[in-house]
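This report refers to the structure that appears directly beneath it.
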Amino acid sequence: MQSELQHPVRLRFAPSPTGYPHLGNIRTALFNWLFARHHGGKLILRIEDTDVARKVEGAIDAIIGSLRWLGLDWDEGPYLQSQRLPDYHQVADRLLQEGHTYWCYCSPERLESMRQEQARLKQPPKYDRRCRDLTQEEGHRLETDGVRPVMRFRTPLEGETTVSDLIHGPVSFKHETLDDFILLKSDGYPTYHLANVIDDHSMEISHVLRADEWLSSTPRHVLLYKALNRQTPHFAHLPMILGPDRSKLSKRHGATTITEYQKQGYLPEAMVNFLALLGWSLDDRTELLSREELIQHFSLDRVGKTAAIFNREKLDWINGVYLRRLSPEEFVNQAMPFLERDLPESVGRPLDPGYVSEVLALVQERARTLAEVPQLASFFFVDEPDYNAALLLSGKLDVTSATGALSAALRSASCIKDWQAASLEETMRSLAVELNLETRELFGLLRVAVTGRTAAPPLFETMAVLGKDRCLKRLDAALRLLSTLE
RNA sequence: GCCCCCAUCGUCUAGAGGCCUAGGACAUCAGCCUUUCAAGCUGAAGAUCAGGGGUUCGAAUCCCCUUGGGGGCACCA
């Protein structure tokens with residue numbers, strides 16, 4: 001596009017360190033990243049830390065960590081707004097001199113009671129502009145009284161501002177519905193509105209991609225750009241991601257921070273794929289896209305307008321797909337930390353890598369998240385699986401027949417020299433015939449005896465991995481367990 | 001209360017006037033495969049396209065109203 005040749009594509013992700021990044025923040029980061037990479041542009045990381053009071057310790061690290069985990073890289077930054085205060089003051093001075101802003105000496109208490117009164121009268125809460133036309137003398141007097149003022153924007157009383165949005169099209173706001181918003185707080189820090197506009201301009205941001213919640217403050221930003229006689233960037237307001245209760249995502253919604261998903265065993269590639277599909281789609285059938293394909297195809301035209309509720313079930317499915325696609329070695333690498341973390345303490349550490357990879361070969365296609373792996377594999381590691389003896393009995397098998405079958409199996413098994421899945425299967429199949437049992441009955445019995453579960457990886461491969469000693473011990477233990485039933 | 005946005009299966013979505021008796025995916029259910037589970041395959045169910053008016057030969061698609069949902073209205077971002 002011609003305009004893009006003239007103005008390089010420069011995007012920014014500008015989170016505030018007031019909490020750990022959640023799905024919504026990261027989806028915004030992802031779309032910014034995809035757009036920048038698709039157009040061969042730059043992505044700038046900017047930390048909007050102008051709220052000293054709400055600053056959360058460790059939030060910046062969490063933001064950076066999350067981006068890195070997902071493989072979303074940036075070209076400049078992180079810039080910290082708290083270190084750019086002089087820039088904001090310079091611009092604020094200029095705005096004041098040119099009459100676009102004024103000092104306001106109203107106390108928070110007065111503003112609060114004003115709002116309460118407005119609420120009582122069912123009026124829109126809006127600053128009543130008491131200081132808008134204060135004389136200099138009045139201002140000086142208040143200042144010598146020790147009042148620390150805020151700087152407000154002198155919003156035009158009439159007319160309207162139209163925001164042209166790449167996703168929504170033109171959106172108009174009447175000035176009478178806007179109020180004189182604050183640009184500089186009494187602590188000298190700029191508000192979001194001021195800092196954001198100044199930085200987007202000085203960092204030459206070409207496209208602002210941010211969540212829909214910002215749409216209603218965009219006219220203020222446009223007004224500011226106009227007052228500064230600067231051109232606005234292109235705006236694109238992305239659909240929000242809502243919690244299951246359809247409200248804005250917040251801590252209330254439980255596991256919502258991105259690091260939480262990492263802990264729960266989701267792969268970054270799966271996460272990226274899933275997040276990309278929240279609000280964007282390629283066509284009417286493609287669900288699985290690699291990072292490269294996403295970059296190649298990403299386009300604002302295909303971003304929707306409707307807020308989305310993320311559903312974990314689909315994430316689980318995508319994650320399972322990505323888990324199965326991993327090479328066995330890579331799966332071991334990924335799963336190992338989860339085994340170390342979640343296997344029972346009684347299991348000796350460090351884990352034997354050779355044994356682990358044999359086990360995980362049987363687990364890989366059964367896990368939807370890495371956090372499920374220790375669960376699925378625990379019986380491979382513990383000394384004796386702990387289970388309810390009643391599991392040994394099912395269908396036609398009563399204590400007597402189960403005991404008979406189990407001891408026969410124990411005898412046959414102990415004679416097997418070549419402890420491999422194939423020979424185990426051969427032996428046990430013929431044993432089933434001898435015992436006049438269905439294979440499912442005998443195998444089911446053995447499965448419980450060997451794994452302690454009714455659902456497990458294929459029996460004979462499992463036995464092969466467990467090894468002869470361990471299997472014989474477990475068959476023996478099962479026999480003793482059976483004897484306690486009567 | 002005021003302003004703004006949005007509205008297709010439970011959820012994510014395709015659909016930019018005729019291809020739609022609305023397609024795909026997840027989840028659900030059934031069957032197949034099979035020693036269980038998982039995976040895979042096949043199939044089913046699931047949306048009067050929020051409702052009502054227009055415009056048009058023809059509307060999920062365009063316009064209006066209503067309703068519903070969401071967001072914003074801080075010395076928070």
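Labels below follow one simple rule: chain letters A, B, ... track the order of the sequence lines, proteins then strands, and each chain is numbered from 1. FYI, side chains are in, hydrogens and waters are out, and symmetry mates aren't considered; it's all heavy atoms of this structure.
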Going by purine N1 to pyrimidine N3 plus the second Watson-Crick contact, or the G-U wobble pair, all under 3.5 Å, which nucleotide sits opposite [N]?
N: B:C37; answer: none
N: B:C2; answer: B:G72
N: B:A25; answer: B:U11

To the nearest 0.5 Å, atom OH of A:Y266 lies from atom CG of A:L315 at 5.5 Å
Going from CG on A:L431 to CD on A:E426, what distance comes out if it is rounded to the nearest 0.5 angstrom?
-> 12.5 Å
Suppose you measure atom [atom1] in [N] against the same atom in [M]; what distance do you get, rounded to whole Å?
N: B:A59; M: B:G71; atom1: C1'; result: 30 Å
N: B:A74; M: B:U66; atom1: C1'; result: 33 Å
N: B:G23; M: B:C9; atom1: P; result: 13 Å
N: B:C33; M: B:A39; atom1: C1'; result: 11 Å
N: B:U11; M: B:G58; atom1: C1'; result: 33 Å
N: B:U61; M: B:G52; atom1: P; result: 12 Å
N: B:U8; M: B:U36; atom1: P; result: 42 Å
N: B:U56; M: B:U13; atom1: C1'; result: 29 Å

Would you call [X]-[Y] a salt bridge at under 4.0 Å N-O?
X: A:R46; Y: A:E48; value: yes
X: A:R110; Y: A:D128; value: yes
X: A:E143; Y: A:R148; value: no

Sugar-phosphate only, base, or nothing, as touched by [X] at under 4.0 Å among non-hydrogen atoms:
X: A:R302; answer: sugar-phosphate
X: A:L215; answer: sugar-phosphate
X: A:P458; answer: base
X: A:R285; answer: sugar-phosphate
X: A:M428; answer: nothing
X: A:G279; answer: sugar-phosphate
X: A:K185; answer: base
X: A:T306; answer: sugar-phosphate
X: A:R54; answer: base
X: A:E287; answer: base
X: A:P457; answer: base
X: A:S172; answer: sugar-phosphate
X: A:A308; answer: sugar-phosphate
X: A:V171; answer: sugar-phosphate

At less than 4.0 Å, is any side-chain N or O atom of [X] found next to OP1 or OP2 of [N]? Yes or no.
X: A:K248; N: B:C5; answer: no
X: A:R453; N: B:U36; answer: no
X: A:S281; N: B:A14; answer: yes
X: A:R429; N: B:U35; answer: yes

Measure the distance from [atom1] on [X] to [atom2] on [N] and round it to the nearest whole Å.
X: A:L249; N: B:G70; atom1: CG; atom2: P; answer: 14 Å
X: A:R368; N: B:A27; atom1: CZ; atom2: P; answer: 8 Å
X: A:R110; N: B:C75; atom1: CZ; atom2: P; answer: 12 Å
X: A:Y102; N: B:C75; atom1: OH; atom2: P; answer: 12 Å
X: A:Q116; N: B:A74; atom1: CD; atom2: C1'; answer: 14 Å
X: A:H168; N: B:G72; atom1: NE2; atom2: C1'; answer: 13 Å
X: A:R115; N: B:C76; atom1: CZ; atom2: C1'; answer: 12 Å
X: A:D283; N: B:G24; atom1: CG; atom2: P; answer: 13 Å

Report the nucleotide, chosen from [options], that has the shortest atom-to-atom distance to any side-chain atom of [X].
X: A:R366; options: B:U36, B:C73, B:A74; answer: B:U36
X: A:R152; options: B:C75, B:A27, B:G71; answer: B:C75
X: A:K314; options: B:G71, B:A77, B:A25; answer: B:A25
X: A:R324; options: B:U35, B:G72, B:G40; answer: B:G40
X: A:E213; options: B:U35, B:C76, B:G71; answer: B:G71
X: A:E313; options: B:A27, B:U35, B:G71; answer: B:A27
X: A:N311; options: B:C75, B:U11, B:C6; answer: B:U11
X: A:R246; options: B:U11, B:C5, B:U35; answer: B:U11

Is a donor-acceptor pair below 3.5 Å formed from side chain A:S186 to base B:C75, judging by atom type as modelled?
-> yes
Should the pair A:H193 and A:H221 be assigned to parallel (<30°), tilted (30 to 60°) or perpendicular (>60°) ring geometry?
-> tilted
Is the closest side-chain heavy-atom distance between A:D200 and A:V208 below 4.5 Å?
-> yes
List the steps and the verdict of ring pair (Phe, Tyr, Trp, His ring centres under 6.0 Å) for A:F443 and A:F460.
-> CA-CA 9 Å; A:F443 296 179; A:F460 304 112; 4.9 Å; yes
With RNA chain B as reference, determine whether A:T177 or A:M240 sits nearer its 5' end, using the nearest nucleotide of each.
-> A:T177
Nearest-nucleotide check on RNA chain B, A:V303 vs A:P190; residue mapping nearer the 5' end is A:V303
Could you check A:D180 against A:R154 for salt bridge (charged side-chain N to carboxylate O under 4.0 Å, His left out), going step by step and ending with a plain yes or no?
-> CA-CA 6 Å; A:D180 290 355; A:R154 196 182 295 276; over 6 Å; no
Ring-face cation of A:R220 near A:F181 (centre distance under 6.0 Å, axis angle within 45°) | yes
